[in-house]
*Asks:* 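This is the structure, below, for whatever I ask next.
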Amino acid sequence: MSLMKPVYTVIIPVYNERESLPECHRRVSAVMEAVGEPYELLFINDGSKDGSLEILRGICAADKNSLCVSFSRNFGHMNAITAGMDFARGDAVLVIDADLQDPPELFPEMIARWKEGFEVVYGKRVERKGESAFKKASAALYYRFLKSMTNVDMPLDTGEFRLIDRKVCDAIKRIKEKNKYMRGLVSWVGFRQTGVEYVRAERFAGETKYPLSKMIKLAADGITAFSYKPLKLAATLGVVISLCSFVYLIVVLIQRLAWHSTAVGWASTVAIMLFFQGVVLIVLGVIGEYIGRIFEEIKDRPAYLVSEAINMDGSKPEDGNV
Ligand code: UDP
Ligand code: MG
């Protein structure tokens, strides 16, 4: 741990980023050195299996400004950032991906806005390079869908690349929920916010660590953490379908009583049955999604477990959300 209390903490979540780490350390350090105030680079090793930890050990041995907290296993990107905020000591906390898709060279601009008095300065992607058409389209669609589903005014096309003030960091630390949807919470806490635009580059090396399954989980976290509109929609769907069913019931009764013509219709019976079973299962799924999240919260397990802390003499490894 560097002796002086840092003005800036840069949180860098790392999951299997062996090839990117040296370049990441070099570029982020160069930018922070140029800023000219005390800083710390806080690498959070999120259970990497590719030897990233060994590389981080080397980086931390050579650079007193680099610290590392290593998890006992993979706890996910959001929990890595949560840990970063728990351990950060800076007056301003910056978050950047280890794959250099977000340019650290934007930090001085973010810092300038912070010094003007903004407490959150988020990076806004105006272009995304080297990402699949599917990822871009699904992201664009998802952020707009999320906006329509929730009341939180989240800026469009932002990720975790941002600067937050100590006050905002402390506010987020007070939020004890699991699977924190960080970009939503940062909007939710309020404070003076502004964005700086940037072009998202290609990954420096390796593959995305967000396969479709993790993307879907993050998307579900985002919606369920900020709104119960899906439950309301399920209820609305139930009412609409019940009304339609009632109308059809009357039609069937009239057919039966007036024309005695109800014998045919096996196909329509099966079709209606399948349709309603489908609707019921979807609605149960939505309810289940929320119950699962209540279950997660109620167990109150730690958001992460630390197995090793490097260059962090002052602070002991802490378990979970402090
Ligand atoms: N990451 C992590 N834990 C995970 C997945 C990703 O700490 O379970 C890190 C990863 O190393 C990277 C950042 O989170 O620094 C963003 O991941 P990635 O670049 O794969 O996401 P994408 O840019 O493709 O959305
Ligand atoms: Mg990336």
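First listed ligand is number 1; within each ligand, the first listed atom is number 1. Fair warning: this is a prediction, and the values are worked out from it, not measured in the lab.
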*Asks:* Tell me whether Lys178 is salt-bridged to Asp300, with the criterion being a basic N under 4.0 Å from an acidic carboxylate O.
*Replies:* yes
*Asks:* Test your reading of the model: is there a side-chain donor-acceptor pair from Asp46 to the backbone of Gly76, 3.5 Å cut-off?
*Replies:* yes
*Asks:* Side chain or backbone of Arg203 under 4.0 Å from ligand 1, or both, or neither, by non-hydrogen atoms?
*Replies:*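 The side chain, only.
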*Asks:* Sorted by chain and residue number, which protein N/O/S atoms are under 2.8 Å from the Mg ion (ligand 2)?
*Replies:* Asp99 OD2, Gln101 OE1
*Asks:* Of the options Lys217, Glu297, Arg293, which is the one that meets Asn179 in a side-chain hydrogen bond (donor to acceptor under 3.5 Å, both in side chains)?
*Replies:* Lys217
*Asks:* Of the options Tyr122, Phe107, Phe161, which is the one that meets Tyr198 in a ring pair (Phe, Tyr, Trp, His ring centres under 6.0 Å)?
*Replies:* Phe161
*Asks:* Ligand 1 versus Val14, non-hydrogen atoms closer than 4.0 Å: side chain, backbone, both, neither?
*Replies:* backbone
*Asks:* Any idea which part of Glu17 is under 4.0 Å from ligand 1, heavy-atom wise: side chain, backbone, both or neither?
*Replies:* side chain
*Asks:* Would you say Glu207 and ligand 1 have an N/O pair spaced under 3.5 Å apart?
*Replies:* no
*Asks:* Applying a 4.0 Å heavy-atom criterion (strictly less than), which segment of Asp46 is in contact with ligand 1: side chain, backbone, both, or neither?
*Replies:*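 Asp46 to ligand 1: side-chain contact only, backbone stays beyond 4.0 Å.
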*Asks:* Considering all heavy atoms of both residues, which atom of Ala98 and which atom of Ser20 are nearest to each other, and what is their separation?
*Replies:*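 Looks like O-CB, 3.4 Å.
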*Asks:* Does the residue Glu202 have a heavy-atom contact with ligand 1, meaning some pair of atoms that are separated by less than 4.0 Å?
*Replies:*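 Flag not set, Glu202 not near ligand 1.
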*Asks:* What closest approach, in Å, do Ile96 and Pro103 show between heavy atoms, and which atom pair accounts for it?
*Replies:*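 Smallest interatomic distance, heavy atoms only, reads CD1-C, 4.3 Å.
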*Asks:* Between Thr158 and Lys124, which heavy-atom pair has the shortest distance, and what is it?
*Replies:* CG2-CA, 4.3 Å
*Asks:* Short N/O distance, under 3.5 Å, between Ala80 and ligand 1?
*Replies:* no
